[in-house]
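Heads up: the structure comes next, in C-alpha cells.
Note on naming: letters A, B, ... go to the chains in the order of the sequence lines (proteins, then strands), and numbering restarts at 1 for each one.
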Amino acid sequence: MARFFVERFLGMLVTLFVVSIMVFIIMELPPGDYADRFAFRKFSGLGITVTEADIQAIRVELGLDRPAVERYFSWIGNIVLRGDFGMAYAFETPVTRVIGDKGWLTLGLLVVTLLITYVVAIPVGIYAAVRRGSAPDYALTVVSYLGLALPNFMLALVLLYFANRWFGASIGGLFSPGMQQAPWSPAKLWDLITHMWLPALVLAWSALAYQIQTVRATMLDELGKLSVVAARARGVPEGKLLVKYPARLAVNPVVSTIGFDVNRIFSELPIVAAVLGLTELGELLLRAYLDLDMNVAGAILLILTTIIVVMNFVSDLLLAWLDPRIKLGG
Amino acid sequence: MDPILQVEDLTVAFRTEEGPITPIQGVNFAVGRGRTLGLVGESGSGKSVTTKALMRLLPGNARIDPQSQIRYRAKSGEWVDIHRLRDGARKLRQIRGGEIGMIFQEPMASFSPVYTVGNQMVESIRLHTSLNRREARALAIEMLAKVGLSNPGQRIDQYAHELSGGMRQRAMIALALSAGPALLIADEPTTALDVTIQAQVLDLMRDLQRDLGMSMIFITHDLGVIAQIAQDVAVMYLGTIVEKGPVREVLKAPQHPYTRGLLRAIPSLDRLTHRLSPVPGDIPGPSERPPGCPFHTRCTEAIAGVCDRLEPAETMLAPDRSARCHLLQTAGRATA
C-alpha cells in the first residue's frame with residue numbers, strides 16, 4: 001500500500017508539472033500582452049501619443065520582456081515556494097487578494113456537490129437494483145432520464161422560483177446581503193450552508209442522474225454473481241450480504257469517475273453561477289481574459305486543474321482501498 | 001436407512017419471458033446419514049435447480065410447488081420443513097452454512113474478489129458459532145490445513161485470485177465446512193479442474209466425509225466419478241429421477257435405457273478398440289418437454305404408442321432401488 005501510494009503521488013506531481021506548463025502556454029496564447037492594454041487604458045482619451053518605446057518601457061517594468069522559459073520558472077517558482085501568484089495588473093493588487101475567498105468557496109461548492117451526488121446516488125442506485133422491475137425502480141429511471149435531459153441552468157431557475165416561494169429562501173449569491181463583507185464566524189458559516197445547498201443540488205443534478213444509472217447497472221451485475229449466491233448459501237443475513245458483497249463492488253465505477261464528475265461540475269459551474277449570482281472563479285476568469293490579465297487567469301486555471309488532478313489521485317487511492325485487485329497492476 | 005434429508009414430490013416452476021417452465025417435476029429422494037448420494041445427469045437435467053431448491057436459493061421468478069416437501073433432520077435431532085420456512089427466516093439462515101454447506105463448480109467465482117479467504121471463513125464461522133474473532137481465525141487456519149493447503153497461516157490472508165485452481169477448490173471446501181455442516185452439497189466440484197487435481201479433490205472429499213461423519217450430495221455428469229465417491233445414486237433426466245439405488249447395483253445392472261446409455265458413453269482403457277457410443281440426440285429444452293416418457297425421443301427401445309403417450313410410473317425393484325420405465329412395467333406384467 002505504501003509503495004502504491006508513493007508511486008501514485010509521484011505520478012501526480014509529474015502530472016501537475018506538465019499541467020502547469022500547459023497553463024502557462026494558455027496564458028501566452030492570446031495576441032498582445034498586458035503592456036499594450038495598460039498603455040491603452042492609462043492614456044486613451046488623454047490626447048497623449050503613446051509610442052512603441054513607451055509600451056516597451058512598461059513591458060520591461062512588468063517583466064514581460066524576458067524570455068518565456070525564464071518567466072515560466074519565476075512564475076511557478078513563486079507559486080510553489082511562496083504561494084505568490086504574482087500581480088493582478090488590472091487591479092494593481094496581488095492575485096491572491098483578488099481571488100481571495102473565491103477559491104475556497106469554489107472548492108467548498110465542489111465538495112458539497114460531490115457529497116450530495118454520492119450520498120444520494122449510491123443508496124438510491126442500490127435500492128433500484130435490489131427492487132428491480134418494481135414501481136419505485138421505474139419511477140427512478142424516469143426521474144434520472146429527466147435529470148440527464150434537462151439543462152441545469154433551467155433547473156436552477158425552476159428551483160430558485162420554488163425555493164423562494166415555498167421556503168422563502170433568499171435568492172442568489174452564497175451569502176445574505178449583510179453577511180457578504182462580515183468576517184468569518186459560525187453565523188456566517190451557517191449562512192453559507194443555507195445558501196449552498198441550492199446551487200450544489202443544481203450542479204449535482206446531472207451527475208446524480210448519471211451515477212444512479214451506473215450504480216444500478218453494476219449492482220444488477222454483481223447481484224447475479226456466484227459469490228453472492230455462495231455468501232447467501234453460508235447464511236449471511238440479506239442486509240449485511242448486500243452491503244458487504246455486491247454493493248462494495250457497485251461503488252467502483254462511481255469512485256473511478258470522481259475526476260470526471262469534478263471536470264463536469266467545473267464546466268457547468270459558470271452558467272449555473274451566472275444564473276444564481278454566485279461568487280466563484282469562472283466569472284473572474286472570463287474578465288481576466290478580456291483584460292489580458294494573465295496572472296489572474298493563470299492562477300485560476302492552475303487552481304482548477306490542480307483540484308482536478310488531486311481529485312483523480314484521491315479517486316485512485318479510494319479505488320485501491322475498495323478493490324484489492326487494483327494493486328497488482330501497480 | 002437413517003435419513004438426514006427427505007425430498008418428496010419436489011416440483012419447481014419458473015416464470016420466464018417465453019411462459020412458464022417446469023424444470024423439476026415430482027422428484028423424490030432421500031440422503032442417508034453419513035452416506036453420499038450422487039446426482040447424475042446431463043447439463044439441463046435439473047440437478048443444480050434441485051439442490052438450489054433444497055437451500056431455498058432459487059431466483060425470484062422460481063416457485064416451489066406447495067405439494068413439495070423438503071424435510072431436513074437438524075443436528076439437534078429435530079425435523080425442519082425447509083419448504084415451509086419464510087424467506088429470510090432465522091431458521092433458514094441457520095440451516096444455510098451451519099447445517100447444510102454448499103460448494104460450487106467455479107471456486108474462483110464463489111469467492112468474493114475483494115475479501116480475503118480468511119475474511120469469508122471467519123464471517124461464516126462467527127455466524128454459526130459463538131467463537132470470537134481470534135478463535136474463529138484459529139479454526140479457519142485449522143480447516144485450511146485440514147483440506148491440505150500448505151502454509152495455511154499465510155493463505156488465510158490471501159485473495160482467491162492469488163491461489164491456484166486446485167488450491168482454490170480446497171479453500172472453497174474449507175469455507176463450506178468451516179461452520180460444521182452435517183450435510184454438504186457439492187455441485188460439480190471437480191468439473192472445472194485438471195484430471196490429476198480432480199482425483200486429489202475427490203480423495204480429499206471422501207476422507208473429509210469419513211472423518212467428519214458428514215452426509216453429502218454430490219452432483220456430477222460423470223458416472224465414473226460417482227463410482228469413486230458415492231454409495232447411492234440418482235440419475236436425472238429432464239427434471240425427473242429416472243433411476244435410483246445403491247451405486248454398485250445401478251452400475252452393475254442398470255435398468256433404465258438412459259442409465260445404460262450413460263454407462264456406454266464412459267471411456268475405458270479396457271475397451272480402446274471399441275468406439276464410444278454416445279446417447280443419441282440432445283436433451284430437449286425445458287420448454288419443449290415431450291409428452292409421455294421424457295426420454296422417449298432419444299430412447300432406442302421406446303415402445304411406439306406407449307412411451308410417447310403415457311408417463312411411466314416408478315417401478316420399485318427393491319426397497320431402495322427403483323426406475324421409471326415402461327419396459328420394466330411390461331416385463332413385470334408379462335411375468336405376472
Side-chain angles (χ1 to χ4, degrees), chain A residues 1 4 122 126-137 215 218-256 316-330, chain B residues 15 48 51-52 54-61 87-116 119-129 157-162 172 175-179 181 184-185 187 192:
Chain A
M1 191 67 199
F4 175 80
I122 292 169
I126 289 173
Y127 176 82
V130 173
R131 288 290 155 83
R132 170 198 198 176
S134 66
D137 179 27
V215 173
T218 10
M219 184 73 184
L220 274 181
D221 225 37
E222 290 296 330
L223 278 174
K225 290 265 170 78
L226 183 57
S227 55
V228 176
V229 178
R232 200 171 283 136
R234 292 196 297 272
V236 182
E238 198 64 19
K240 188 187 173 203
L241 179 126
L242 288 178
V243 172
K244 182 173 176 183
Y245 293 99
R248 174 159 168 175
L249 285 159
V251 171
N252 269 6
V254 174
V255 170
S256 58
D316 275 358
L317 291 187
L318 279 177
L319 204 57
W321 172 66
L322 274 174
D323 194 338
R325 286 170 297 180
I326 306 281
K327 270 166 271 173
L328 289 178
Chain B
R15 273 181 290 115
S48 293
T51 49
K52 285 218 174 77
L54 302 184
M55 295 276 266
R56 297 282 301 276
L57 288 172
L58 294 169
N61 62 341
D87 276 342
R90 238 177 101 83
K91 197 133 220 173
L92 185 58
R93 287 210 312 267
Q94 284 167 356
I95 284 187
R96 289 175 177 168
E99 294 276 354
I100 308 181
M102 198 162 186
I103 57 179
F104 302 89
Q105 183 171 346
E106 296 158 67
M108 181 69 178
S110 340
F111 278 106
S112 165
V114 295
Y115 296 100
T116 58
N119 175 302
Q120 292 167 80
M121 290 183 76
V122 168
E123 174 190 57
S124 182
I125 292 170
R126 298 201 65 203
L127 278 170
H128 299 287
T129 66
D157 292 320
Q158 288 188 320
Y159 295 93
H161 60 255
E162 295 171 323
M172 182 75 217
L175 173 58
L177 298 184
S178 56
L184 180 68
I185 299 176
D187 190 348

Check your understanding: Looking at residues at least two apart in the chain, or sitting in another chain, which of them share a side-chain hydrogen bond (donor to acceptor under 3.5 Å, both in side chains) with B:Gln158?
Key -> B:Arg155
Check your understanding: Does B:Lys91 NZ have over 12 foreign heavy atoms under 6.0 Å away?
Key -> no
Study note, to complete from the structure: Under 4.5 Å to a heavy atom of chain A? For B:Asn119 that would be both
Check your understanding: Which heavy-atom pair separates A:Ala230 from B:Ser110 by the least distance, and what is that distance?
Key -> CB-O, 3.6 Å
Review point. Which atoms of A:Arg232 come close to chain B, meaning under 4.5 Å heavy atom to heavy atom: side chain ones, backbone ones, both, or neither?
Key: both
Exercise for review: Kindly compute the distance separating NZ (A:Lys244) from OH (B:Tyr115), expressed to the nearest 0.5 Å.
Suggested key: 6.0 Å
Review point. Quick one: what part of B:Phe111 sits under 4.5 Å from any heavy atom of chain A, side chain, backbone, both or neither?
Key: backbone
Exercise for review: Pick one of side chain, backbone, both or neither for B:Ala179, based on which atoms fall under 4.5 Å of a heavy atom in chain A.
Suggested key: neither
Check your understanding: So what's closer than 4.5 Å to chain B heavy atoms on A:Pro237: side chain, backbone, both or neither?
Key -> both
Practice item. Could you pull out all residues at least two apart from B:Arg15 that satisfy side-chain contact (heavy atoms from CB on, under 4.5 Å)? Key: B:Asn61
Practice item. Select, from B:Leu175, B:Leu92, B:Ile100, the one with the greatest count of heavy-atom pairs under 4.5 Å involving chain A. Key: B:Leu175
Practice item. Answer with side chain, backbone, both or neither: which region of A:Leu249 has an atom nearer than 4.5 Å to a non-hydrogen atom of chain B? Key: side chain
Practice item. Go through the steps for A:Val236 and B:Leu127 under the test side chain to side chain contact (heavy atoms under 4.5 Å, CB included), then give the verdict. Key: CA-CA 7 Å; A:Val236 182; B:Leu127 278 170; 3.8 Å; yes
Exercise for review: Please determine which of B:Gln120, B:Arg93, B:Met102, B:Arg96 meets the side chain to side chain contact (heavy atoms under 4.5 Å, CB included) test together with A:Arg234.
Suggested key: B:Gln120
Check your understanding: Any idea which heavy atoms bring A:Ala233 and B:Leu57 closest together, and the distance?
Key -> CB-CD1, 3.6 Å
Practice item. Identify which of B:Gln94, B:His128, B:Glu106 forms the greatest number of heavy-atom pairs closer than 4.5 Å to chain A. Key: B:His128
